[in-house]
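Take a look at the structure below.
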Amino acid sequence: MKQAATAQQSVPAGAGRAPRHVAIIMDGNGRWAKKRLLPRAAGHRQGVEAARRIVRAAGELGLEVLTLYAFSSENWRRPATEISDLMGLLRRFIVNDIDELAEAGVRLRIIGDYHALEPDVVAMIDSAMARTAGNSKTTLVIALNYGAQQELVRAVRSLAADALAGKIDPLAIDTGDIDARLDTCDLPPLDLLIRTSGEKRLSNFLLWQAAYAELLFVDTLWPDFDRDALAEAIAHFGQRERRFGGL
Ligand code: IPE
Ligand code: IPE
Ligand code: MG
């Protein structure tokens with residue numbers, strides 16, 4: 001029953017309906033740089049510029065929630081220098097952009113196990129989240145050290161612990177109980193999931209939440225993604241017929 005309720009809260013089908021919650025797998029920074037014979041770090045720098053543009057555009061286009069996949073739990077497999085470049089960009093993004101975000105009414109949220117990042121990054125994130133907690137115009141969710149399978153493991157462990165402690169009946173566990181223990185528990189259902197750069201896979205992103213999301217794969221490399229591209233994606237969404245299993 002709870003799953004049915006979730007589906008009803010999602011944006012229904014129909015002409016020009018606007019998504020409430022859009023998530024983006026920001027992919028293609030490395031290829032953007034390679035095409036220009038630049039180091040990968042230059043692609044990531046431009047990727048941050050694109051993220052900045054898209055956060056602004058999301059506010060202007062009236063999105064309630066924008067979720068950006070910035071660093072996956074599998075991205076630790078990259079060379080240490082690239083990881084360090086990415087963490088440096090994250091630090092700079094928080095330092096440089098927090099004022100503008102706070103003033104624009106953006107609430108910052110993180111999904112993923114961000115506590116595993118460097119202590120100074122964790123502290124910066126915690127302070128940015130506390131500072132913007134009262135904002136309600138747009139929620140910017142950044143997925144950091146995020147993996148959907150790991151998120152589900154955390155949810156299952158928490159359910160198992162409660163079952164062991166006699167707090168819940170294992171046979172009564174339903175989809176709503178799992179929803180409630182995911183990092184996204186307080187966010188509206190995912191309506192539209194976009195991946196840039198032509199890759200057609202989810203790479204461990206929002207596997208549970210994407211159950212009824214509309215999927216859009218675009219060839220644009222992330223550093224080239226702009227407001228028009230986001231507006232076009234939203235327009236595509238408005239033309240999709242969502243059925244949630246019904247007729
Ligand atoms: C996405 O761009 C950014 C992160 C994963 C952090 P990539 O770095 O994956 O770029 P490509 O896929 O190599 O082009
Ligand atoms: C997914 O992109 C992760 C992020 C965009 C942060 P990847 O580039 O890491 O994904 P794969 O390795 O191509 O699946
Ligand atoms: Mg990639």
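Whatever order the structure lists ligands and atoms in, that order sets their numbers, starting from 1.
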Legend entry - Which segment of F205 sits under 4.0 Å of ligand 2 when only heavy atoms are counted: neither

Inset, instruction - Kindly indicate whether the side chain of L159, heavy atoms from C-beta on, has any atom under 4.5 Å from the side chain of R181. - result: yes

Inset, instruction - Output yes if D27 passes the N/O/S-under-2.8 Å test against the Mg ion (ligand 3); output no otherwise. - result: yes

Inset, instruction - Give yes if a backbone or side-chain nitrogen or oxygen of Y69 is under 3.5 Å from a nitrogen or oxygen of ligand 2, and no if not. - result: no

Legend entry - Between CZ on residue F237 and CD on residue E232, distance to nearest 0.5 Å: 15.5 Å

Legend entry - D191/R17 salt bridge by N-O under 4.0 Å criterion: no

Inset, instruction - Indicate the ring-plane relationship of F244 and Y212, choosing parallel, tilted or perpendicular according to the 30° and 60° boundaries. - result: tilted

Inset, instruction - Determine whether any heavy atom of E199 lies closer than 4.0 Å to an atom of ligand 2. - result: no

Legend entry - Sub-4.0 Å atoms of ligand 1 with respect to non-hydrogen atoms of N75: 5 (C)

Inset, instruction - Could you state whether I125 and V106 fall into the same hydrophobic cluster, counting links through intermediate Ile, Leu, Val, Met, Phe, Trp or Tyr residues with side-chain heavy atoms under 4.5 angstrom apart? - result: yes

Inset, instruction - Just go through R77, M26, R78 and tell me whose heavy atom is the nearest to atom 8 (O) of ligand 2. - result: R78

Inset, instruction - Considering heavy atoms of the protein only, find what lies nearest to atom 14 (O) of ligand 2 and give residue, atom and distance to 0.1 Å. - result: S203 OG, 2.6 Å

Inset, instruction - Would you please determine whether G47 falls within less than 4.0 Å of ligand 1 on a heavy-atom basis? - result: no

Inset, instruction - Inspect the contact between R195 and D27 and indicate whether a charged nitrogen and a carboxylate oxygen are less than 4.0 angstrom apart. - result: yes

Legend entry - Interfacing atoms of ligand 2 (cut-off 4.0 Å, heavy-atom, R201): 11 (P), 13 (O), 14 (O)

Inset, instruction - Cation-pi check, R36 to W32: give yes when NZ or CZ is under 6.0 Å from the six-membered ring centre and within 45° of the ring axis, no otherwise. - result: yes

Inset, instruction - Identify whether the distance between the nearest side-chain nitrogen and carboxylate oxygen of R31 and E199 falls below 4.0 Å. - result: yes

Legend entry - A70 and ligand 2 - part of the residue with a heavy-atom distance under 4.0 Å: backbone

Inset, instruction - May I ask you to list the atoms of ligand 1 that are less than 4.0 angstrom from any heavy atom of H44? - result: 3 (C), 8 (O)

Inset, instruction - Kindly indicate whether the side chain of L140, heavy atoms from C-beta on, has any atom under 4.5 Å from the side chain of R109. - result: no

Inset, instruction - Ignoring angles and geometry beyond distance, decide whether G30 reaches within less than 3.5 Å of ligand 1 through its nitrogen or oxygen atoms. - result: yes

Legend entry - Protein contact for atom 12 (O) of ligand 2 (heavy atom, distance under 4.0 Å): no

Inset, instruction - Work out whether the distance between some heavy atom of R40 and some atom of ligand 1 is less than 4.0 Å. - result: yes

Inset, instruction - Consider every N or O of R195 and every N or O of ligand 2, then say whether any pair is closer than 3.5 Å. - result: yes

Inset, instruction - Inspect the contact between D183 and R154 and indicate whether a charged nitrogen and a carboxylate oxygen are less than 4.0 angstrom apart. - result: yes

Inset, instruction - Taking only heavy atoms of F71 into account, list the atoms of ligand 2 that are under 4.0 Å away from them. - result: 6 (C)

